[in-house]
**Q** 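This is the structure I have questions about; it appears just below.
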Amino acid sequence: METSEVVWEGRIGSTPLKVGVPHAGRIIAEWDTPAGSRHKIADSMEEFERSVLFQLLLTAGETDDSVTEDVKAAVEKAIA
């Protein structure tokens with residue numbers, strides 16, 4: 001992912017997450033797990049929420065979804 005494409009970078013629980021929106025409008029997520037680096041390219045916000053954010057919340061055991069709201073807001077702004 002190019003640095004200019006990054007719209008949000010931080011942590012969900014203890015998992016570092018980087019999210020980018022390239023010119024194609026897709027949402028790219030990169031994060032690290034104990035098993036290694038992971039990435040996902042989502043075609044919609046719904047797919048991104050389901051396949052990345054929800055899974056990271058479950059893995060981290062987080063109950064506060066304020067961080068995910070920040071991530072979604074940054075992605076929606078970049079898409080608009």
Side-chain angles (χ1 to χ4, degrees):
M1 176 178 349
E2 298 289 326
T3 304
S4 62
E5 298 170 347
V6 175
V7 297
W8 192 89
E9 188 170 2
R11 292 184 172 279
I12 295 184
S14 63
T15 305
L17 173 66
K18 187 184 301 185
V19 181
V21 179
H23 298 291
R26 291 188 169 144
I27 304 164
I28 301 172
E30 297 176 348
W31 67 98
D32 293 323
T33 69
S37 295
R38 301 283 313 247
H39 74 278
K40 171 70 178 165
I41 300 173
D43 293 320
S44 68
M45 179 60 87
E46 293 78 21
E47 181 183 356
F48 173 70
E49 288 181 77
R50 183 180 65 247
S51 62
V52 177
L53 294 180
F54 183 69
Q55 295 300 320
L56 288 177
L57 281 174
L58 287 176
T59 302
E62 286 292 315
T63 56
D64 179 14
D65 67 347
S66 62
V67 175
T68 60
E69 293 302 319
D70 291 343
V71 177
K72 291 188 320 188
V75 170
E76 288 170 347
K77 182 178 177 182
I79 290 173

**Q** Show every donor-acceptor pair shorter than 3.5 Å between a side-chain atom in residues 72-80 and any protein atom, with sequence neighbours excluded, or say none if there are none.
**A**
from, atom 1, to, atom 2, distance (Å)
K72, NZ, E49, OE1, 3.2
K72, NZ, E69, OE2, 3.2

**Q** Exactly one of L53, L56, I12 should register a side-chain contact (heavy atoms from CB on, under 4.5 Å) with V67. Which one does?
**A**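 Filter result, single survivor: I12.
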**Q** Just to verify, what does E9 make a salt bridge (charged side-chain N to carboxylate O under 4.0 Å, His left out) with, not counting sequence neighbours?
**A** none
**Q** Shortest non-hydrogen contact from P16 to S14?
**A** CD-O, 3.4 Å
**Q** Could you give the distance from CD (Q55) to CZ (R50), rounded to the nearest 0.5 Å?
**A** 10.0 Å
**Q** Which of these passes side-chain contact (heavy atoms from CB on, under 4.5 Å) with V52: L57, I27, V19, L17?
**A** L17
**Q** Restricting to side chain to side chain contact (heavy atoms under 4.5 Å, CB included), what partner residues turn up for R38, sequence neighbours left out?
**A** W31, T33
**Q** Work out which heavy atom in S51 is nearest to a heavy atom in E47; give both atom names and the distance.
**A** OG-O, 2.6 Å
**Q** Side chain to side chain donor-acceptor pair (under 3.5 Å) with D43: which residues, sequence neighbours excluded?
**A** R26
**Q** Apply side chain to side chain contact (heavy atoms under 4.5 Å, CB included) to the pair T68 and F54, showing each step before the final yes or no.
**A** CA-CA 9 Å; T68 60; F54 183 69; over 6 Å; no
